[in-house]
Amino acid sequence: MANDPNWNLPEVPTFTLTSPDFSDGDALPDWARGADAGGEDRSPALEWSGAPEGTQSYVLTVYDPDAPTGSGFWHWSLTDLPASTTSLPQGAGTDDALLPAEALRRRNEYGTDTFLGAAPPAGHGPHRYVFTLSALDVPVLEAPADATPAVVGFLLREHLLGRAQLTGTQETPASCRPAPRRRRRPSLPRE
């Protein structure tokens with residue numbers, strides 16, 4: 001698969017991650033698009049089960065491997081979700097009241113700590129949004145407060161017990177490209 005987001009990740013047992021808002025491989029709801037792309041930047045509800053024995057916490061990331069950046073694009077990152085957590089409600093990506101108290105929001109590509117909705121470039125084709133839930137053998141992932149999702153991914157490797165993934169898609173048709181900006185003619189001095 002082109003741009004395989006798992007190509008260099010360690011092999012670990014898998015468990016189940018689902019959403020009542022979309023099925024694996026299907027389109028994300030329009031409200032899960034970015035606000036600048038006609039959506040609401042609202043994260044979908046997530047549910048999981050079957051985590052490996054010894055799980056003490058989870059890390060959740062959302063990654064677009066198809067972004068035309070050379071390194072993909074991270075949309076969301078949470079660490080320190082307690083092992084007792086088995087779901088997140090719709091909108092948890094922007095509302096702290098919907099997250100377990102222990103959970104820590106981490107940076108996304110824009111440097112904010114909220115869920116960034118899907119917003120692929122117009123005409124670029126379908127993009128995949130890979131929701132990855134990593135089960136860890138520690139209750140707290142020791143990571144700097146400003147850790148990026150890539151740093152979080154690096155730090156969790158030595159504590160990784162299992163991984164669950166769910167992929168949604170989104171596309172922005174070429175017809176949605178913004179109109180080209182018209183150049184203004186320089187005004188001539190009045191005489």
W74 with L78, same ILVMFWY side-chain cluster at under 4.5 Å: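 Different clusters: W74 never reaches L78 through Ile, Leu, Val, Met, Phe, Trp or Tyr contacts under 4.5 Å.
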
Single-linkage hydrophobic cluster L155~L160, side-chain heavy atoms < 4.5 angstrom: yes

Judged by atom type as modelled, is there a donor-acceptor pair below 3.5 Å linking the side chain of [X] to the main-chain atoms of [Y]?
| X | Y | answer |
| --- | --- | --- |
| D41 | G117 | yes |
| N108 | W76 | no |
| R33 | P120 | no |

Do the side chains of [Y] and [X] get nearer than 4.5 Å, heavy atoms only?
| X | Y | result |
| --- | --- | --- |
| F15 | T55 | no |
| P100 | L81 | yes |
| S77 | Y63 | no |
| W48 | L166 | no |

When the side chains of residues 130-153 are checked against the rest of the protein, which donor-acceptor pairs come out under 3.5 Å, sequence neighbours left out?
from, atom 1, to, atom 2, distance (Å)
T132, OG1, Q165, NE2, 2.8
D137, OD1, H159, ND1, 2.9
T148, OG1, V151, N, 3.3

Straight-line distance of [X] [atom1] to [Y] [atom2], nearest 0.5 Å:
| X | Y | atom1 | atom2 | result |
| --- | --- | --- | --- | --- |
| L46 | L88 | CG | CG | 6.0 Å |
| L156 | L161 | CG | CG | 10.5 Å |
| S19 | E47 | OG | CD | 7.0 Å |
| L99 | T85 | CG | OG1 | 9.5 Å |
| T61 | R106 | OG1 | CZ | 13.0 Å |
| T172 | H127 | OG1 | NE2 | 8.0 Å |

With D66, the side-chain hydrogen bond (donor to acceptor under 3.5 Å, both in side chains) member among Q170, H124, R128: R128

Evaluation steps, side-chain contact (heavy atoms from CB on, under 4.5 Å), between E40 and T94: CA-CA 10 Å; E40 301 172 23; T94 53; over 6 Å; no

Can you give me the closest heavy-atom contact between [X] and [Y], atom names plus distance?
| X | Y | value |
| --- | --- | --- |
| F115 | S43 | CD2-N, 3.5 Å |
| A67 | F73 | CB-CB, 3.6 Å |
| A122 | P173 | CB-O, 3.6 Å |
| H75 | L116 | ND1-O, 2.7 Å |

